Protein chains: 2
Amino acid sequence: MSLSIGQVAERTGLSVHALRFYEKEGILANQVHRGPGGRRVYTQQDVDWLRMCIMLRMSGMPVPEIRRYTELVRQGDGNELQRLDILKEHQERVRQQMAQLQECMDLITYKVGKYEDYINSIASKAVGQ
Amino acid sequence: MSLSIGQVAERTGLSVHALRFYEKEGILANQVHRGPGGRRVYTQQDVDWLRMCIMLRMSGMPVPEIRRYTELVRQGDGNELQRLDILKEHQERVRQQMAQLQECMDLITYKVGKYEDYINSIASKAVGQ
DNA sequence: TCTTGACCTAGAGGCGACTCTAGTTCCTAG
DNA sequence: CTAGGAACTAGAGTCGCCTCTAGGTCAAGA
């Protein structure tokens with residue numbers, strides 16, 4: 001089953017622009033081949049790969065590092081240790097990010113609580129209690 | 001106790017440049033007054049405020065929204081509901097961000113596991129098992 | 001035949017958040 | 001008196017990641 005760039009955009013949530021950009025940046029495990037009129041033809045595998053890349057991006061992996069990873073995958077067997085390294089390093093970064101975010105969340109939740117209390121105290125005064 | 005911009009940079013982790021930038025962007029609850037020679041003089045309160053702003057930024061609140069919040073605080077009492085709104089909205093965004101990050105983390109952890117298994121299987125073949 | 005709409009390329013533009021430059025001023029120590 | 005170092009301003013530059021533009025091809029439907 002082959003897909004047009006528009007269909008891939010639909011099912012990945014990326015824009016058509018972004019898809020071409022990602023391709024130019026070397027972020028596709030097997031290069032997209034072309035149909036009549038030079039149009040890109042994608043496969044389900046491409047979509048799956050893109051979905052993983054989206055996960056990596058969402059969690060803050062920079063485009064050049066996704067490219068490095070992609071290149072390793074393209075090269076084929078033999079470099080699994082290097083791929084693992086990239087993933088583990090990123091995993092650690094994500095872990096830190098989450099910890100940081102949790103810290104922020106705690107502060108925000110604390111502040112929200114404070115403001116809610118304050119507003120409630122005002123409201124109950126207003127009705128004379 | 002008053003602090004120079006350099007000292008504030010040290011204790012917040014922001015660069016001197018970033019501090020001036022934040023000030024220009026209206027992200028200081030009470031405006032910094034100036035000492036001899038037009039130099040900025042900060043107080044501990046400023047540092048505390050900045051630390052909170054750093055938390056907000058780290059968790060992805062855009063500068064304009066921090067400015068809005070800051071303005072409300074500067075205006076003083078009476079707009080607590082609006083402040084609460086901003087905080088709650090942001091809290092929700094952070095929650096979503098964390099969920100997303102967790103999803104990414106799960107995928108990455110799954111992949112790391114796969115690669116580790118594969119590498120171990122290769123390694124044990126290599127020693128003849 | 002004409003129009004519409006999806007696609008193509010190369011390259012410019014935009015946005016958010018800093019970061020840095022250039023040219024000064026000012027204080028302190030040698 | 002001079003050299004350093006920290007501060008000042010306004011504004012330009014950078015970086016990452018897209019996003020959009022201009023100008024074009026192509027196939028299908030009215």
Side-chain angles (χ1 to χ4, degrees), chain A residues 2-28 31-43 46-47 50-70 90 93-94 97 100-101 104, chain B residues 2-28 31-43 46-47 50-70 90 93-94 97 100-101 104:
Chain A
S2 58
L3 302 159
S4 72
I5 195 169
Q7 289 172 314
V8 174
E10 238 174 62
R11 40 199 93 177
T12 57
L14 293 169
S15 72
V16 168
H17 293 306
L19 281 169
R20 290 197 274 250
F21 171 75
Y22 277 15
E23 183 180 337
K24 216 166 36 180
E25 291 293 308
I27 286 181
L28 279 161
Q31 103 255 30
V32 186
H33 63 94
R34 302 306 180 98
R39 296 185 173 204
R40 289 170 179 83
V41 176
Y42 295 83
T43 65
D46 293 325
V47 173
L50 279 165
R51 283 208 239 265
M52 201 203 39
C53 292
I54 290 167
M55 286 294 209
L56 295 177
R57 274 292 306 121
M58 271 193 350
S59 52
M61 187 183 281
V63 168
E65 195 165 346
I66 302 182
R67 174 168 48 233
R68 275 207 299 134
Y69 183 70
T70 304
H90 184 58
R93 275 199 307 261
V94 175
Q97 233 185 115
Q100 237 179 22
L101 223 47
C104 300
Chain B
S2 58
L3 301 160
S4 72
I5 197 168
Q7 290 172 314
V8 174
E10 239 174 59
R11 42 197 92 177
T12 57
L14 294 169
S15 72
V16 168
H17 293 305
L19 282 168
R20 291 196 273 248
F21 171 75
Y22 276 16
E23 184 181 336
K24 216 167 32 180
E25 291 293 308
I27 288 183
L28 279 161
Q31 103 255 31
V32 186
H33 62 95
R34 302 307 181 98
R39 298 187 171 200
R40 288 170 181 82
V41 177
Y42 295 84
T43 65
D46 293 325
V47 173
L50 280 165
R51 283 208 240 265
M52 201 204 38
C53 293
I54 290 167
M55 287 293 208
L56 295 177
R57 273 296 304 123
M58 271 194 347
S59 51
M61 186 182 281
V63 168
E65 195 166 346
I66 301 182
R67 173 169 47 234
R68 273 206 302 135
Y69 183 72
T70 304
H90 184 58
R93 275 198 307 261
V94 176
Q97 231 185 116
Q100 236 179 22
L101 224 45
C104 300

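So that the names make sense, note that chain A is the first sequence line, chain B the second, and so on, each numbered from 1. Keep in mind it's a predicted model, so treat the numbers as computed, not measured.
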Starting at CE of B/Met55, measure out to CE of B/Met61 and round the result to the nearest 0.5 Å.
-> 13.0 Å
Could you list by number each residue of residues 54-61 of chain B showing a heavy-atom separation from DNA chain C of less than 4.0 Å, or answer none if no residue does?
-> B/Arg57
How close or far is atom P of D/dT21 from atom CZ of A/Phe21, stated in whole angstroms?
-> 18 Å
Check the distance between D/dG16's P and A/Glu25's CD and give it to me in whole angstrom.
-> 11 Å
side-chain contact (heavy atoms from CB on, under 4.5 Å) with B/Arg39: which residues, sequence neighbours excluded?
-> none
CD (B/Gln7) with more than 12 external heavy atoms under 6.0 Å | yes
The side-chain contact (heavy atoms from CB on, under 4.5 Å) partners of A/Arg20 (sequence neighbours excluded) come to A/Ile5, A/Val16, A/His17, A/Arg40
Is there side-chain contact between B/Tyr69 and B/Met52, with at least one heavy-atom pair below 4.5 Å?
-> yes
Side chain to side chain donor-acceptor pair (under 3.5 Å) involving A/Ser59 - partner list, sequence neighbours excluded | A/His90
Taking only heavy atoms on the protein side, list every residue of residues 3-14 of chain A lying under 4.0 Å from any atom of DNA chain C, sorted numerically.
-> A/Ser4, A/Ile5, A/Gly6
Tell me, please, which residues at least two apart from B/Val63 pass side-chain contact (heavy atoms from CB on, under 4.5 Å).
-> B/Glu25, B/Ile27, B/Arg57
Give A/Arg20 one of three labels, base, sugar-phosphate or nothing, depending on what nucleic acid heavy atoms sit under 4.0 Å from its own.
-> base
To the nearest 0.5 Å, how far apart are OG in A/Ser4 and OH in A/Tyr42?
-> 9.0 Å
Bounds of contact between DNA chain C and chain B, in 5' to 3' order, using a heavy-atom cut-off under 4.0 Å = C/dA17 to C/dC26
What are the two closest non-hydrogen atoms of B/Thr70 and B/Gly26, and how far apart are they?
-> CG2-O, 3.5 Å
When A/Pro62 and B/Tyr42 are each assigned the nearest nucleotide of DNA chain D, the 5'-most assignment goes to B/Tyr42
Polar pairs (N or O, both sides) under 3.5 Å between protein and nucleotides 26-28 of chain D?
none

Nearest-Å distance for atom pair NE2/P, residues B/His17 and D/dC8 | 11 Å
Taking only the side-chain heavy atoms of B/Lys24 (C-beta and beyond), determine which of D/dT19, D/dC8, D/dG11 contains the nearest atom.
-> D/dG11
Name all residues meeting the side chain to side chain donor-acceptor pair (under 3.5 Å) criterion together with B/Glu10; count only those two or more places apart in sequence or in a different chain, and write none if there are none.
-> none
Set of side-chain contact (heavy atoms from CB on, under 4.5 Å) partners for B/Leu14, sequence neighbours left out | B/Thr12, B/Ala18, B/Leu19, B/Tyr22, B/Leu50, B/Ile54
Among D/dC8, D/dT21, D/dC18, the one nearest A/Tyr22 by side-chain distance = D/dC18
Tell me, please, which residues at least two apart from A/Thr43 pass side chain to side chain donor-acceptor pair (under 3.5 Å).
-> A/Asp46
For the helix from C/dT1-D/dA30 to C/dG30-D/dC1, what is the angle between the axes at its two ends, each from 5 pairs, rounded to 10°?
-> 20°
